[in-house]
2 protein chains.
Amino acid sequence: MVVMEESVMAQLDGVGAMTESSSAEDLEAAGETADLTSRARIRNAALHQFATRGFAGTPLRAITAEAGVAIGLISHHFGSKEGARDAVEQWIVGLFAAALGLADRESEESVADAGARDAAVARMLGDNPLVIDYLRREVLEQPEDGGLITRLSALTVESVDAMRAAGHASTDRDRVEQVLTVMVRQLGRLVLQPLLHQVAAAFPAGERPTSLPELTVEVRRPEARRDERDS
Amino acid sequence: MVVMEESVMAQLDGVGAMTESSSAEDLEAAGETADLTSRARIRNAALHQFATRGFAGTPLRAITAEAGVAIGLISHHFGSKEGARDAVEQWIVGLFAAALGLADRESEESVADAGARDAAVARMLGDNPLVIDYLRREVLEQPEDGGLITRLSALTVESVDAMRAAGHASTDRDRVEQVLTVMVRQLGRLVLQPLLHQVAAAFPAGERPTSLPELTVEVRRPEARRDERDS
DNA sequence: TAAGATATTGAAAGATTGTTCAATGGTGGT
DNA sequence: ACCACCATTGAACAATCTTTCAATATCTTA
């Protein structure tokens, strides 16, 4: 998993290369897969396969079949299977960066506050549900240095710093703790969601509730301890 | 992933078959791998490999190499790779069942309360950290019917029912919600833990805090809604 | 149009995988 | 000592996987 340096906001890698659509349009839909570059179709298919079957569990032929291209095209565009993974992850990083940047651009002030950022990221994830599935798998892989989570953390650091500078985030708390809070709360719910469904599915259909309860993930300071009890 | 019926507490599958050690001893240490059955060594190695590299990502030869046996032994003992996975998961179910049963046996009353059960499970998981890693991966796999999560859910249902009958759990709340709360709170923290470490690792060593904050996963009723704000 | 660069194909190679199986070793019973 | 039974081995096999590569198609540019 080689890390590409350069600016994170760099070109979104072929998405909408033929049609001159803006990056905002690419985040939505994804319905018409026809007029996309072969490179983009391969990347989309790879995201789909990796998200649902895992990296090791997806043969290259499954990607090329879904993308509708020949097997040799992957190594031509991405060098190797690992290269395809890098491209997928770089694209995801771009999505997050674009969502955060969009939040700033829509804000009346130059820097959006936490609520606007959360909303922008949530909107982006809603448009790309496969990204959620991919992140879910990525979270539990061994913390490969320079992996996707690391890069998204760096993005969140920038975001928190910008909010601090704009007075939207308190500066008395630990910077690390702020970033941890944002990331864990955002990703934690997404990662844990399938657990909720799996447990509920273990009940007979009759007893199963119509609407599942909501998950909340909190981060508490180490010293703040309190015993708790339930059920 | 074929599900074995029978009693969950059934034989723990060869652990300590040669030495007459009690099952409690087997849960700890795992340091001396020498005097275990080949079958048990293969199962342990499979747990280790599946937990760290994933099911699809582990070749059978990686398991046999760690176990110190020949390649043919796996199919002889477990039939297939899938069979090895079944054995691993059945062993994990046995661990949970033993921990819960142990909690009841140690309790002054015939049925232990929630705190004692949580403690027993936590102790068991502390002795078998690989089980945590395995569960973490299992959570996000597609909810194959009869999978590990389903079986652990069934175990939790029994546990909650026993506590209800003993008056240790309220009977006015939804039974499904009680089970969901127990499982999500217990497993949620374990699943999310590496995310915490990965995010913290994204910071320069100097800024990284010495002790990481604590995670809390809560389950809220669908109707109870409240807006929140942070950072 | 001509020519050069790039995209795309699909067969082939080479490595790795899960499974099978005949052979060997060991253990206990009669 | 013999025999039946189970554990264990490792080579062989067939399938599948990733990568390579020469050939062909398509696009770009002058």
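Just so you know, these numbers use all the heavy atoms, side chains as well, and skip hydrogens, waters and symmetry mates. Letters A, B, ... mirror the listed sequences (proteins, then strands); counts begin at 1.
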Visitor: Show the numbers, then the answer: is there a side-chain contact (heavy atoms from CB on, under 4.5 Å) between B/V179 and B/V176?
Guide: CA-CA 5 Å; B/V179 173; B/V176 178; 5.9 Å; no
Visitor: Any base atoms under 4.0 Å from A/T58, or only sugar-phosphate, or nothing? Heavy atoms, all strands.
Guide: sugar-phosphate
Visitor: Is B/E177 close to A/P209 at the side-chain level, that is, under 4.5 Å between some pair of heavy atoms?
Guide: no
Visitor: If I take atom CG in residue B/L73 and atom P in nucleotide C/dA22, what distance separates them, rounded to the nearest angstrom?
Guide: 18 Å
Visitor: Heavy atoms only, 4.0 Å cut-off, all strands: where does A/I71 land among base, sugar-phosphate and nothing?
Guide: base
Visitor: Using the heavy-atom set of chain A and a strict 4.0 Å cut-off, write down the first and last nucleotide of DNA chain D that makes it in, 5' to 3'.
Guide: D/dC17 to D/dT20
Visitor: Find the distance B/R85:CZ to C/dG18:P and express it as a whole number of Å.
Guide: 12 Å
Visitor: Please report the distance, rounded to the nearest Å, between CZ in A/F78 and C1' in C/dA7.
Guide: 13 Å
Visitor: Tell me whether the guanidinium CZ or amine NZ of B/K81 lies under 6.0 angstrom from the six-membered ring centre of B/F55 and within 45° of its axis.
Guide: yes
Visitor: In whole angstroms, how far is the C1' atom of C/dT17 from the CZ atom of B/R53?
Guide: 12 Å
Visitor: Kindly determine whether A/L148 and A/Y134 satisfy side-chain contact (heavy atoms from CB on, under 4.5 Å), including the steps that lead there.
Guide: CA-CA 10 Å; A/L148 180 55; A/Y134 188 93; 3.7 Å; yes
Visitor: In whole angstrom, give the distance that lies between atom NZ of A/K81 and atom C1' of C/dT17.
Guide: 13 Å
Visitor: Tell me whether the side-chain N/O atoms of A/S38 come closer than 4.0 Å to OP1 or OP2 in C/dT8.
Guide: yes
Visitor: So B/R61 and B/T64, do their side chains get closer than 4.5 Å, heavy atoms only?
Guide: yes
Visitor: Can you measure A/I74 atom CD1 to C/dG10 atom P for me and round it to whole angstrom units?
Guide: 14 Å
Visitor: On DNA chain D, nearest-nucleotide positions of A/G79 versus A/P59: which is more 5'?
Guide: A/P59
Visitor: Just N and O in the side chain of A/H77: are any of them under 4.0 Å from OP1 or OP2 of C/dT8?
Guide: yes
Visitor: For the backbone of B/A103 and the side chain of B/S107, can you confirm whether one donor and one acceptor N or O come within less than 3.5 Å of each other?
Guide: no
Visitor: Between A/H76 and A/R61, which has a closest nucleotide on DNA chain C that is more 5'?
Guide: A/H76
Visitor: State, with a plain yes or no, whether a side-chain heavy atom of B/V182 is found less than 4.5 Å away from one of B/R117.
Guide: no
